[in-house]
Enquirer: 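Below is one structure. I have some questions about it.
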Protein chains: 2
Amino acid sequence: MEGMNGVKLTSTLAFRLGTLGAVMTERFSARLAAHGLKPKHVGLLALLESGTATSQLDIAKLMNVAPSLVVSLADRLEELGAVRRERDPMDRRRQTLALTEEGRELLATCTAAAAELDTELTDGLSPEETEALRIVLGTLARRNGLPAD
Amino acid sequence: MEGMNGVKLTSTLAFRLGTLGAVMTERFSARLAAHGLKPKHVGLLALLESGTATSQLDIAKLMNVAPSLVVSLADRLEELGAVRRERDPMDRRRQTLALTEEGRELLATCTAAAAELDTELTDGLSPEETEALRIVLGTLARRNGLPAD
DNA sequence: TATTGTTATACTCTATAACTATA
DNA sequence: TATAGTTATAGAGTATAACAATA
């Protein structure tokens with residue numbers, strides 16, 4: 001039985017994206033654990049590299065998380081030497097987060113880990129299918145306010 | 001800067017699936033709130049409808065969650081009259097969960113909600129692109145042990 | 001003694017609210 | 001008085017461990 005329209009829950013994009021997304025995030029987490037990082041830490045590093053945001057509050061808005069969470073993410077990244085906190089001289093309430101060279105390297109390492117997961121995931125797909133998937137997901141991400149350059 | 005291979009984190013499938021999946025799950029949650037359900041409740045209903053699992057322990061394994069979580073999901077669904085718990089006469093330790101007619105209707109309603117989210121999500125895509133996406137995600141889901149009939 | 005389901009407890013993640021310092 | 005960041009607290013979601021009934 002599958003609703004009176006013949007649609008099954010498991011064939012919806014909502015379900016497939018939700019479950020596959022959860023699996024990939026969990027795998028990514030497992031890879032990052034060795035560096036003492038979680039996916040959101042890496043998301044923050046990527047945001048800094050993109051130059052989109054500077055202050056912690058801007059970052060919180062772009063990441064769709066509470067400002068207090070940015071504090072703890074930044075604390076950890078600072079601890080690892082991946083970011084530096086710098087007071088804005090124009091407005092001393094603002095903290096500017098700057099990516100260090102170490103931070104760039106860390107981001108590159110984590111990005112490589114994500115790319116490996118991609119390879120694993122798309123093992124049986126043709127290169128064309130894989131690229132088409134990447135592109136359509138990028139389109140959907142952008143349309144939904146998610147970073148996808 | 002983007003790693004020395006020119007790959008950006010935000011262009012990986014891991015990142016795109018993870019973020020889009022989180023967004024879709026959150027939207028689905030919001031729709032389900034009116035029924036007092038969470039996505040896992042609906043996943044359990046769908047599993048019962050598929051006839052794949054019967055006992056709570058089987059369900060826990062297939063859903064990749066702890067058995068204790070199945071207890072509370074089933075408690076809630078029983079409360080709503082969506083499932084019935086029946087002792088297996090062959091092995092009285094086992095509880096068999098049976099989908100009621102109300103449960104089928106509830107699942108159909110929730111599936112329709114997911115389908116609406118799909119429509120919303122793929123608004124700018126061609127029907128061919130949308131169908132290709134659904135198919136490739138189904139392939140990936142099956143290859144990764146996720147339900148996708 | 002091993003297994004199914006349940007209950008009790010603890011842990012992870014994240015948000016909300018209270019607070020500090022600058023403006 | 002309002003805002004950026006921080007700290008303290010609380011809530012959601014889920015797992016682990018202890019327990020009861022049955023095998």
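Naming convention: chains lettered A, B, ... in sequence-line order (proteins, then strands); numbering from 1 in each chain.
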Enquirer: Base, sugar-phosphate, or nothing for A:Ser55, non-hydrogen atoms under 4.0 angstrom?
Expert: sugar-phosphate
Enquirer: Would you state whether a donor and an acceptor, one from the side chain of B:Arg93 and one from the base of C:dT3, lie under 3.5 Å apart?
Expert: yes
Enquirer: Going by distance alone, is a donor N or O of one side chain under 3.5 Å from an acceptor N or O of the other, for B:Thr96 and B:Asp88?
Expert: no
Enquirer: Let me know the distance between CG of A:Asp75 and C1' of D:dT6, rounded to the nearest Å.
Expert: 9 Å
Enquirer: Is the shortest side-chain N to carboxylate O distance from A:Arg85 to A:Asp75 below 4.0 Å?
Expert: yes
Enquirer: Side-chain N or O of B:Arg85 less than 4.0 angstrom from OP1 or OP2 on C:dT6?
Expert: yes
Enquirer: Both B:Gln56 and A:Arg92 contact DNA chain C. Which one's nearest nucleotide lies toward the 5' end?
Expert: B:Gln56
Enquirer: Classify A:Asn64 by what it touches in the nucleic acid, base, sugar-phosphate, or nothing, heavy-atom distance under 4.0 Å.
Expert: sugar-phosphate
Enquirer: Carefully, step by step, assess A:Arg143 and B:Asp123 under the rule salt bridge (charged side-chain N to carboxylate O under 4.0 Å, His left out).
Expert: CA-CA 10 Å; A:Arg143 282 173 178 270; B:Asp123 188 32; 5.3 Å; no
Enquirer: So which one's nearest nucleotide on DNA chain C is more toward 5', A:Ser68 or A:Lys38?
Expert: A:Lys38
Enquirer: Quick check for you: among C:dA15, D:dA4, D:dA15, whose closest atom lies nearest to any side-chain atom of A:Leu57?
Expert: D:dA4
Enquirer: At under 4.0 Å, does any side-chain N or O of A:Lys40 touch on OP1 or OP2 of C:dC13?
Expert: no
Enquirer: If I take atom CD in residue A:Gln95 and atom P in nucleotide D:dT7, what distance separates them, rounded to the nearest angstrom?
Expert: 10 Å
